[in-house]
Amino acid sequence: MKGPWTTGGTWLRSALHTHTTRSDGELAPKNLARHYERASYDVLAVTDHWRITDAASSERLLVIPSVELNCILPGARDGHVLAFGVAAGEPELRELARDHADLETTADWIEAHGGVAYLAHPYWTGVTPGTLELPENVTGIEVFNAGCELEVGRGLSAVHWDELLEAGRLCPAIAADDSHHPGFDSDLAWTWVRAPERSRAAVLGALADGRFYSSTGPLILDVRRDGEAVEVRCSPCRTVTLVSGRTIGAAVNVGRLGYRHAGRELECNQEGLVVHARLDVPRSARHVRVEVADAAGRKAWANPIAV
Ligand SMILES: [Zn+2]
Ligand SMILES: [Zn+2]
């Protein structure tokens, strides 16, 4: 997986999980597009349940017709899968729905129809962390879903993600609103996609390659491996963490009683918040990922790096 900071291109603020009146959302597709455009997004994926929804792109906002499908997960859980940029007719969708397919079959279908698959909200769904296996053609998962957090406090699937990483499946993870009531449950979580241009193909390529990071507020400006350490540049944050395998990792916490573990701040702003930190890669690490949190507790997540 090539990091978004080491490749050229442009940063696109992307809303990747949203609903309209074509399923259980409140706004018509064109009004939802206008809403996200006003909130200064660059990309919108409309992901209505079982309906591929399109809306006109504008000068500012690229709309990617997408869909949210159901599948059967281990333990007979009803899983939700986001299919970005998929192209299929209603009869084909109906046929897939009739099949009650598992995750792998659903992902095969998505791939065959030109889409990129991500598993939505595993914590909300109730998948047991550690039992989930992602087929190769499911690119990644949602690490944070704002709607699931707002409604039932099950928005953060970091444990599910870390268990996949622990098992050697270095998948990327997006953050998204899953907005049904724009204004009330929107502009809370997004994905910063690094793409050579603002086109459908370029964004789908970046999603397939994990060239992005996810956020509920903070910016991650750079993540760079430097020998046995990782250097992170970010908007002012209270915590910068290097998450790795079980019991290992590193962190810099600043504030009244700061705490450093295998890391240190290289630069802080006037309020004493970290903007540049250096974290040691644990000797036994096989992968690391960077997570930051600002003074309000809002987080951002970089995708894993193999070490
Ligand atoms: Zn869902
Ligand atoms: Zn949804």
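Remember, it's 1-based here, ligands and their atoms both numbered in the order they're listed. Throughout, residue positions are numbered sequentially from 1 according to the sequence presented.
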- Ignoring waters, protein N/O/S atoms under 2.8 Å from the Zn ion (ligand 1) are Glu68 OE2, His80 ND1, His121 NE2
- Query: Do Asn303 side-chain atoms and Ala173 backbone N/O form a donor-acceptor pair below 3.5 Å?
  - Reply: yes
- Item | Under 4.5 Å side-chain linkage, directly or through intermediates, the cluster mates of Trp124 | Val152
- His113 (side chain) donor-acceptor with Trp109 (main chain) under 3.5 angstrom: yes
- Item | Ring center gap for Trp190 and Tyr36 short of 6.0 angstrom | no
- Message: Tell me which pairs pass salt bridge (charged side-chain N to carboxylate O under 4.0 Å, His left out) where either residue lies in residues 257-273, with sequence neighbours left out.
- Response: Arg260-Glu265
- Atom name of the N, O or S atom of His19 nearest to the Zn ion (ligand 2) is NE2
- Message: Once ring pair (Phe, Tyr, Trp, His ring centres under 6.0 Å) is applied, what residue pairs with a partner in residues 286-307 remain, sequence neighbours excluded?
- Response: Phe144-Trp301
